[in-house]
Visitor: 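My structure is below; once you've seen it, I'll send some questions.
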Amino acid sequence: MIQKVLIVDDEESIVTLLKYNIEKSGFATEVAYTGMEALNKATEKSFDLIVLDLMLPELDGTEVCKQLRQRQIETPILMLTAKDDEFDKVLGLELGADDYLTKPFSPKEVVARIKAILRRTVKRESELDKPVIKIGEIIIYPEQYEAMINDETLTFTRKEFELLLYLAKHKGKVLSRDQLLSAVWNYDFVGDTRIVDVHISHLREKIEPETKHPVYIKTIRGLGYKMEEPNL
């Protein structure tokens, strides 16, 4: 089956360039020129990936990404921007983007990123089909993207769940922020790992009895984080 990519950008020349090169690489495409049009199409139709510009009329790319994730639409997103702004990168990934590319870019690089994201998505889906994982009062169901604590179902974004699952699979091991960023986001920001800290904070709010005194996800000063069996 041919994979379909939604291209979202308000510059017609960029849309034309991307459409030509993405289709040349064997994908089907559909286009949108505003954030609202993108949101409607991504909600109503099924796509394998979305190439999403940050600066859009009506709704910007971060808002489109945020609303899609709130609606439980987990289509992989490659975010594009003309800004070389670290805050934008962190914000985009925090809201659920899978990768990030700054303009100007080569069409070949966009296609390479698309293929890499889709390969990782297939790999993640196969890895999720594993037995239930139990740590303390937390029960994780990888194949269902669900977890429970004290018989209460928890609500996660996709990246929060993948971070929890990765920590759980490596229980007892100290994992650096760079390791977590690479493993969960498949992205490398040299010297900037705030996105990991933000998601760790979100996870703690959902699983820790007291966020200021975590018993599941421990901070190992100067090294990173470690998930442990709690002494409850």
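One-based numbering along the sequence shown.
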Visitor: Give the cluster check for Ile14 versus Val51: same hydrophobic cluster or not, with ILVMFWY residues linked at side-chain heavy-atom distances below 4.5 Å.
Guide: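 Cluster IDs for Ile14 and Val51 match.
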
Visitor: Side chains of Thr34 and Leu59, heavy atoms from C-beta outward: is any pair under 4.5 Å?
Guide: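 Side chain of Thr34 against side chain of Leu59, heavy atoms only: no contact under 4.5 Å found.
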
Visitor: Which atoms form the tightest heavy-atom contact between Pro230 and Gly136, and what is the distance?
Guide: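 Looking at all heavy atoms of both residues, the shortest contact is CD-CA, 3.8 Å.
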
Visitor: For the NZ atom on Lys66, are there more than 12 heavy atoms of other groups (residues, nucleotides or ligands in this structure) within a distance under 6.0 Å?
Guide: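 Check fails, neighbour count at 12 or below.
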
Visitor: Which of these passes side-chain contact (heavy atoms from CB on, under 4.5 Å) with Glu137: Asn150, Asp151, Val215?
Guide: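 Single side-chain contact (heavy atoms from CB on, under 4.5 Å) partner of Glu137 among Asn150, Asp151, Val215: Asn150.
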
Visitor: Could you pull out the closest heavy-atom pair between Val196 and Trp185, with the gap in Å?
Guide: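 Looking at all heavy atoms of both residues, the shortest contact is CG2-CZ3, 4.0 Å.
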
Visitor: Looking at every non-hydrogen atom in both residues, tell me the closest pair between Phe47 and Thr75 and how far apart they are.
Guide: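 Between these two residues, the closest heavy atoms are O-CG2, 3.3 Å.
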
Visitor: Please step through side chain to side chain contact (heavy atoms under 4.5 Å, CB included) for the pair Leu18 and Leu80, ending with a clear verdict.
Guide: CA-CA 12 Å; Leu18 289 173; Leu80 307 177; 4.0 Å; yes

Visitor: Near Glu109 CD, under 6.0 Å, is it more than 12 heavy atoms from other residues, nucleotides or ligands?
Guide: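 Yes, CD of Glu109 has more than 12 neighbouring heavy atoms, counting only those of other groups under 6.0 Å.
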
Visitor: Can a donor-acceptor pair be found between the side chains of Asp60 and Thr62 at a distance below 3.5 Å?
Guide: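 Side chains of Asp60 and Thr62: pair found under 3.5 Å.
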
Visitor: Can you find a heavy atom in the side chain of Lys103 that is under 4.5 Å from one in the side chain of Asp9?
Guide: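 Answer yes - side chains close enough.
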
Visitor: side-chain contact (heavy atoms from CB on, under 4.5 Å) with Leu167: which of Ile135, Val184, Leu180?
Guide: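 Exactly one pass, corresponding to Leu180.
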
Visitor: Ion pair present between Asp99 and Lys115, side-chain N to carboxylate O less than 4.0 angstrom?
Guide: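 Looking at Asp99 and Lys115, the cut-off is not met.
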
Visitor: Compare every heavy atom of Ile207 with every heavy atom of Ile217, then report the nearest pair and how far apart it is.
Guide: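 Looks like CD1-CD1, 3.8 Å.
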
Visitor: If the threshold is 4.0 Å, N to carboxylate O, is there a salt bridge linking Arg69 and Glu74?
Guide: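 Judged by the 4.0 Å cut-off on N to carboxylate O distance, Arg69 and Glu74 do form a salt bridge.
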
Visitor: Less than 4.0 angstrom from a charged side-chain N to a carboxylate O is my criterion; do Asp98 and Arg158 meet it?
Guide: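 So Asp98 pairs with Arg158 through a salt bridge.
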
Visitor: Write down the atom of Asp197, the atom of Arg177, and the distance for their closest heavy-atom approach.
Guide: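 Heavy-atom minimum between the residues: OD1-NE, 2.7 Å.
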
Visitor: Would you say Met79 and Leu54 make side-chain contact, with heavy atoms under 4.5 Å?
Guide: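 Of all side-chain heavy-atom pairs linking Leu54 with Met79, at least one is under 4.5 Å.
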
Visitor: Quick one, Lys206 and Glu160 - any side-chain contact, counting heavy atoms below 4.5 Å?
Guide: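 Counting from C-beta outward, Lys206 and Glu160 do come under 4.5 Å.
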
Visitor: Testing the basics here: between Lys171 and Glu229, what is the closest heavy-atom pair and its distance to 0.1 Å?
Guide: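 Residues Lys171 and Glu229, closest heavy atoms: NZ-OE2, 3.1 Å.
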
